[in-house]
There are 2 protein chains.
Amino acid sequence: MIVGIVGGGQLARMMALAGIPLGLQFIFLDPATDACAAQLGEHLCGAYDDAALLNTLAEKADLVTYEFENVPISAIATLEQKINLYPAQAVLASAGDRIYEKNLFRSLDIATVPFASVNSFAELEEAVKTITLPAVLKTRTLGYDGKGQVVLRHHDDLASAWSRLGTVPLILEGFASFQREISVISVRGRDGEMVFYPLSENVHCDGILHTAKSCPADPRQSLAEAYARRIMEKLNYVGVMALELFDSGNELLANEMAPRVHNSGHWTIEGAVTSQFENHLRAILGLPLGSTQAKGEATMVNIIGTIPDISQILSVPNQHLHLYNKKPYPGRKLGHVTRWSASQPIT
Amino acid sequence: MIVGIVGGGQLARMMALAGIPLGLQFIFLDPATDACAAQLGEHLCGAYDDAALLNTLAEKADLVTYEFENVPISAIATLEQKINLYPAQAVLASAGDRIYEKNLFRSLDIATVPFASVNSFAELEEAVKTITLPAVLKTRTLGYDGKGQVVLRHHDDLASAWSRLGTVPLILEGFASFQREISVISVRGRDGEMVFYPLSENVHCDGILHTAKSCPADPRQSLAEAYARRIMEKLNYVGVMALELFDSGNELLANEMAPRVHNSGHWTIEGAVTSQFENHLRAILGLPLGSTQAKGEATMVNIIGTIPDISQILSVPNQHLHLYNKKPYPGRKLGHVTRWSASQPIT
């Protein structure tokens, strides 16, 4: 069985590492000549919307998934006409546009921040009146890791923010005051079976995830699961989905969803019975889903920009290193470290 | 960093799966065109003693190890002259010959079965008088998975056993009456640091390992470790070593050692903090060794000859599938299943 993945970065790489023991083979479509997943399968090197390569991918693979929501919808639509593809293109369309996404949350009675669509400077000024400052101006599509967004604190920030982002459709989002950021990694099989991992508590620095910690038996678990369940049922979702949330103490606000395995779920490799990567594959292949039970506690820290001393990392007991084989540059995710502990009894 | 492995079977495959997250790359030398590790690195396809390929391996790799003790000693010696190689050729020479191995046990005051070298039918008859029947006649070298050995129960068995095996140097071993078979997977770093996994309790069928179960806090742990420590120190061993033992209740007899990662340690992937595969790589690379602490309990069952229904395997909670991507034929190890449980509190 050959799984095609659109994208050949670290998420595809970790999917392949989880899938090879299941007897799977992999083929990746990625424009980067040094795509870091290529070590684990065939690499089709070219643009995501290269018609010939999409054709090859559909011919060689038995089914296709993607590691990244910022691929041209047209490419995913093309693939979906040729081959089984999960999560479906319709899901990607919803998740890839912040206005669609937030309207989806609202329609499912999932609390979220106030927001408004912004297509002109006049609309921006209007939106600021309703939503009030501080607020965040974001591109509707193609934003990730804090890219494509600007925080507006004062009225003076509007003009420069508009000149930076105003060439594409935007969304203005109210600033959520929260005590902590959490996420729930959820899995839905082809038969509708759903499982949920213990919540992750996340810390971002400069818009990039820095730390994610497993939270077995968190008081927000059931509400977060309820939100994720509504979304996955509504979209007839297949695969792993991440839902990022703000916990204000009073309210649990949905921030955004990612239709894929997610950085805040990397701790599941050591900290859960089945990793998010294996469960994504099980889901899209129509196999029974694996247990999401926590194994002790795990905290993941991203390696960003430069690779620290490996011996030092490995000299800490119960610490696991995951390098992505990517060339270092500032701000780039190069790997992660997971520290496991048995201090909590297994739940 | 590129690790060369002599052999491209499932042990090399699982080493690569453990090593890729450490940022390593792999190159395998294996004569099989369908070597199952080849999915995870470059494959040099040819005989183990092909001079040109050994040269290429030494040139491309930063250091070399092997997954299999039944490679020509000459090939390993050739490599050792060109490149760092662990465990050393001298280790392989000791472990690969049952007479050397048992003499080593004796010299280190490690209890073992009675044995005698057999190079003629007359010597066989003589040895049977001292050792008494039942006994096992084995080839001194190149035996594994029950191959190259015959059980002698009656005097009548001698002639047929001799005609089957008598073309090569042999060993006659006394039959150990034991309550259980166990093994200890041990690791020694380049700096002499040693760590030991909780014992495995093993069940063989037809000479092939069928089941291995982790035994945290086993009463035989300390003696088994003492044996392994003596051997590794004596040989200045670097890497993972497996020592198989017979536990008779009264005595703990060393059966044989394997200078490599071992089938009875596959449960460490899910059942220990660091797997035997990762620890072998850490050891040979001179990195700090990882914790061998048990995570719950784990039982591994080999998949031999035919691949059972995958959905059924994965529908059992806490069960993990490892397929080797090998063509099925009778008696061939095709994969293994590990069942994990938290029933015991983490030690």
Side-chain angles (χ1 to χ4, degrees), chain A residues 1 10 13-14 16-26 36-37 39-42 269-270 273-275 278 282 285-296 307 310-326 334-336 338 340-347, chain B residues 1 10 13-14 16-26 36-37 39-42 269-270 273-275 278 282 285-296 307 310-326 334-336 338 340-347:
Chain A
M1 179 77 75
Q10 66 263 28
R13 176 177 164 96
M14 288 186 276
L17 284 167
I20 289 171
L22 301 178
L24 303 175
Q25 295 179 281
F26 289 86
C36 74
Q39 192 176 354
L40 294 151
E42 187 177 346
I269 296 173
E270 289 89 7
V273 170
T274 315
S275 77
E278 178 172 339
R282 289 195 189 206
L285 289 161
L287 292 167
L289 303 183
S291 166
T292 53
Q293 187 191 357
K295 280 173 116 167
I307 294 173
I310 287 174
S311 282
Q312 215 168 352
I313 290 173
L314 296 178
S315 70
V316 179
N318 298 357
Q319 194 152 276
H320 297 276
L321 176 64
H322 299 261
L323 290 178
Y324 307 151
N325 214 6
K326 287 161 70 177
L334 303 174
H336 71 267
T338 301
W340 179 84
S341 101
S343 59
Q344 290 275 104
I346 287 184
T347 50
Chain B
M1 179 77 75
Q10 65 264 24
R13 177 179 165 95
M14 288 186 276
L17 284 167
I20 289 171
L22 301 179
L24 303 174
Q25 294 180 282
F26 289 86
C36 73
Q39 192 177 351
L40 293 152
E42 188 177 346
I269 297 174
E270 289 88 7
V273 170
T274 314
S275 78
E278 180 172 337
R282 289 193 189 207
L285 288 162
L287 291 167
L289 303 182
S291 165
T292 54
Q293 186 191 0
K295 281 173 113 167
I307 293 173
I310 287 174
S311 283
Q312 217 167 348
I313 290 173
L314 295 179
S315 70
V316 178
N318 300 357
Q319 195 151 274
H320 296 274
L321 176 65
H322 299 261
L323 290 177
Y324 307 150
N325 213 7
K326 286 161 70 177
L334 304 173
H336 71 267
T338 302
W340 179 83
S341 101
S343 61
Q344 291 275 103
I346 286 184
T347 50

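In what follows, every chain begins at residue 1, and chains take the letters A, B, ... in the order their sequences are listed. These figures come from a predicted structure and were not determined experimentally.
Heavy-atom pairs under 4.5 Å with chain A were tallied for Ile307(B), Leu314(B), Leu323(B), Val316(B); the largest tally goes to Leu314(B). Your options are Leu321(A), Ile269(A), Leu289(A), and the one with the most heavy-atom pairs under 4.5 Å with chain B is Leu321(A). Of the listed residues (Leu24(A), Ile310(A), Ile313(A), Leu287(A)), the one with the most heavy-atom contacts under 4.5 Å to chain B is Leu287(A).
Residues satisfying the side-chain contact (heavy atoms from CB on, under 4.5 Å) test with Ser291(B), not counting sequence neighbours, are Asn318(A), Val273(B), Thr274(B), Gln293(B). Under the rule for a side-chain contact (heavy atoms from CB on, under 4.5 Å), the partners of Gln39(A) that lie at least two apart in sequence or sit in another chain are Arg13(A), Asn325(A), Ile20(B), Gln25(B).
Scanning both residues, Ser311(B) and Pro288(A), for their nearest heavy atoms gives O-CG, 3.3 Å. Nearest heavy-atom pair, Arg282(B) versus Gln319(A), reported as atom, atom and distance to 0.1 Å: NH2-O, 3.6 Å.
Both the backbone and the side chain of Glu270(A) have a heavy atom closer than 4.5 Å to some heavy atom of chain B. For Leu285(A), no part lies under 4.5 angstrom from a heavy atom of chain B.
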